[in-house]
Amino acid sequence: MAGEILAIDMPHPRNPALYRLTKQLLQKYHKAVRPVHDWTEATTVYLDVFVHAILDVDAQNQKLKTSIWYHEVWVDEFLSWNPSMFDEIREISLPLSDIWAPDIIINEFVDIEGSPDLPYVYVNSSGTIKNSKPIQVVSTCGLETYAFPFDIQNCSLTFSSVLHTVQDVDLAFLRSREDIKHDKKEFLNDSEWELLSVSSTYSILQSSAGDFAQIQFNVVIRRRPLVYVVNLLIPSIFLMLVDLGSFYLPPTCRARIVFKTSVLVGYTVFRVNMSDEMPRSALSTPLIGVFFTVCMAFLVISLFKSILLVRFLHDEWSHGQEWPLLSLRGDTDADGPRMDPRAQLAGVPEPPICREPQVQPGSLKEVWFQLKSISTYFQTWEQADRKGVKWLALLERLDRLLFQAYAILLGLYTVTLCSLWALWGSS
């Protein structure tokens, strides 16, 4: 009972004044009418934006999800009062749905997610209305991933009226442009992206429907590349160095094919893992992805060249083993006609003019014929060996050329990454 008595006896001097003020302001208020006494005067809306966080950067769909604090201020000439008549009340809160509000939208917006609905605005005695609210806006942005992971993105948020021309609703900055550009106090600096600046410009969009005032905020952000350098760039350079070291194996070594095949498997696995980490965009391909694909192409060309070389040497060795067998076959076939081993290998019978006369075993002619066959065999072997040496020299020259091109590409890859990192650091 004592508590109830205290609650009843407790004075409330401001409530009646606040009630009377709110009733007086909204009793004859028409929110469908722009709040000016002279309709030829434009209503100026002052805008301000604080970037709070970068929530998501979708390079594949070219979308940026940003959390911002949005402030807009305008003067409502129908919502002013004399504070001395209402217990010196100089500021009150009114429902936004009960008063006129400018139709300001973001031109680039695609979707507004998770934005809380704040139903009230502050109004002071001079009629100045302050509307502040957090917005999670999903906007379109031309994202460029060529320099990934040292990329810098510039996304714009353009505010303008939907229906009111500049003669009815004009826009202006609530703060100076320099303060807006370098203000990072509200930004959560613990994500993948770092806020560099928020530059702003005022312009008038001319169209067939009229001239519309618009303010554009350019949000410049850059990616923190350290995690990608450790997980992608350094392993890719190590893998390229291992592949480059395979060129020091002899070209005729068959183990080189096994080694390069293992490196190719490593390239494939690493490429699959790297595709999950890199941003996907239909407009541009990350530079490290291009370098990695070119290195894989060099690896495949080198592997194919090694396979051709081993196959060629195998064929030469097989032909070299067939010549002595054909010569021995000529010794054992004493009763039949003797043929040149080269003709036997080709499967073509020797013409009668070129056939050697049949001789009795043990005679001098037979010894002479055997010596002639051996001489012919060694001459043919020497010609084949010279041909093999020429092909081997050609393939070794090609191998050396691939090695030099691979080394130049790896050096260019490293210099490019260092240059991109330097540009990233100087921005």
Side-chain angles (χ1 to χ4, degrees), residues 30-51 57-58 61-78 96 99-113 115 121 127-133 135-144 152-183 195-221 281-284:
H30 296 283
K31 64 179 182 180
V33 180
R34 190 166 59 89
V36 289
H37 295 290
D38 184 4
W39 67 271
T40 60
E41 294 183 1
T43 300
T44 303
V45 181
Y46 298 89
L47 302 182
D48 196 4
V49 166
F50 294 89
V51 180
V57 178
D58 188 355
N61 298 315
Q62 297 290 292
K63 294 191 300 184
L64 174 69
K65 185 176 181 180
T66 315
S67 175
I68 63 174
W69 272 98
Y70 172 68
H71 302 273
E72 58 182 8
V73 177
W74 71 94
V75 176
D76 193 321
E77 298 180 5
F78 299 152
L96 181 61
I99 64 175
W100 181 90
D103 54 342
I104 306 299
I105 65 167
I106 302 175
N107 295 338
E108 295 88 358
F109 93 100
V110 179
D111 188 15
I112 296 180
E113 297 182 354
S115 300
V121 294
T128 302
I129 300 177
K130 301 176 182 178
N131 182 20
S132 301
K133 56 184 176 181
I135 302 177
Q136 289 186 9
V137 57
V138 180
S139 60
T140 59
C141 180
L143 300 173
E144 183 63 48
I152 298 175
Q153 308 297 341
N154 188 348
C155 299
S156 61
L157 299 175
T158 306
F159 295 83
S160 64
S161 175
V162 179
L163 297 176
H164 295 89
T165 61
V166 69
Q167 288 79 17
D168 296 330
V169 175
D170 197 6
L171 301 180
F173 294 101
L174 187 59
R175 294 183 297 164
S176 65
R177 298 183 184 181
E178 287 298 321
D179 293 340
I180 297 175
K181 182 176 182 179
H182 301 289
D183 189 2
L195 179 64
L196 296 182
S197 64
V198 182
S199 58
S200 54
T201 56
Y202 172 85
S203 62
I204 295 179
L205 176 63
Q206 298 179 351
S207 64
S208 58
D211 298 338
F212 295 87
Q214 63 180 15
I215 289 181
Q216 185 178 74
F217 296 94
N218 296 311
V219 181
V220 182
I221 57 177
S281 175
L283 301 179
S284 61

Grab the two heavy atoms, one from Val33 and one from Trp100, that are nearest each other, plus how far apart they are. O-CD1, 3.7 Å

Quick one: OG1 on Thr201 to CD1 on Ile215, what's the gap to the nearest 0.5 Å? 8.5 Å

Apply side chain to side chain contact (heavy atoms under 4.5 Å, CB included) to Leu195 and Val219, showing your working. CA-CA 8 Å; Leu195 179 64; Val219 181; 3.9 Å; yes

Any non-hydrogen side-chain atom of Leu47 less than 4.5 Å from a side-chain atom of Leu171? yes

Over all heavy atoms of both residues, which pair between Ser161 and Asp103 is shortest? Give the atoms and the distance, please. OG-OD1, 2.7 Å

Listed by chain and number, what are the ring pair (Phe, Tyr, Trp, His ring centres under 6.0 Å) partners of His71, not counting sequence neighbours? Phe50

Pick from Val220, Leu143, Asn218: which one makes a side-chain contact (heavy atoms from CB on, under 4.5 Å) with Cys155? Leu143

Verdict with reasoning, Thr43 to Asp170, per side chain to side chain contact (heavy atoms under 4.5 Å, CB included): CA-CA 6 Å; Thr43 300; Asp170 197 6; over 6 Å; no

Does the pair Glu108 and Ser156 meet the rule for a side chain to side chain contact (heavy atoms under 4.5 Å, CB included), with working shown? CA-CA 8 Å; Glu108 295 88 358; Ser156 61; 3.3 Å; yes

Do the side-chain N and O atoms of Gln216 and Thr158 include a donor-acceptor pair separated by under 3.5 angstrom? yes

pair Val121-Ile99: side-chain heavy atoms closer than 4.5 Å: yes

Just verifying a value: how many Å separate Thr66 OG1 and Phe109 CZ, rounded to the nearest 0.5 Å? 14.0 Å

Residues two or more places apart in sequence or in another chain: which of them pass ring pair (Phe, Tyr, Trp, His ring centres under 6.0 Å) with Phe78? His37

Report yes if some heavy atom in the side chain of Asn131 is under 4.5 Å from a heavy atom in the side chain of Trp74; otherwise report no. yes

When rounded to the nearest 0.5 angstrom, what distance separates CD in Glu72 from NZ in Lys130? 13.5 Å

In terms of side-chain heavy atoms, does Ser176 have a donor or acceptor partner in Glu178 at a distance below 3.5 Å? no

Parallel, tilted or perpendicular, judged at 30° and 60°: which one describes the rings of Tyr70 and Phe159? parallel

Apply side chain to side chain contact (heavy atoms under 4.5 Å, CB included) to the pair Phe173 and Ile180, showing each step before the final yes or no. CA-CA 9 Å; Phe173 294 101; Ile180 297 175; 4.0 Å; yes

Tell me, please, which residues at least two apart from Ser207 pass side-chain contact (heavy atoms from CB on, under 4.5 Å). Ala209, Phe212

Expected output: side-chain Arg34 to main-chain Asp168 donor-acceptor under 3.5 Å: yes

Kindly write out the residues that satisfy side-chain contact (heavy atoms from CB on, under 4.5 Å) with Glu41, not counting sequence neighbours, or none if the list is empty. Asp38, Glu77

Give, for atom OG of Ser199 and atom NE2 of His182, the distance between the pair rounded to the nearest 0.5 Å. 9.5 Å

With Arg175, which residues qualify under salt bridge (Lys or Arg N to Asp or Glu O under 4.0 Å), at least two apart? Asp48, Asp183

Measuring from Leu157:CG to Ile106:CD1, what's the distance to the nearest 0.5 Å? 5.5 Å

Correct closest heavy-atom pair for Gln167 and Ala42 would be O-CB, 3.3 Å

Hey, is Asp58 close enough to Lys65 for a salt bridge, meaning N to O under 4.0 Å? no

Taking the side chain as everything from C-beta on, heavy atoms only, tell me whether Asp179 gets closer than 4.5 Å to Lys181. no

Quick one, Ile152 and Ile221 - any side-chain contact, counting heavy atoms below 4.5 Å? no

Side chains of Gln206 and Asp211: is there a donor and an acceptor less than 3.5 Å apart? no

Does Gln214 form a side-chain hydrogen bond (donor to acceptor under 3.5 Å, both in side chains) with Ser203? I'd like the steps, not just the answer. CA-CA 6 Å; Gln214 63 180 15; Ser203 62; 3.2 Å; yes

All side-chain hydrogen bond (donor to acceptor under 3.5 Å, both in side chains) counterparts of Ser160, not counting sequence neighbours: Asn107

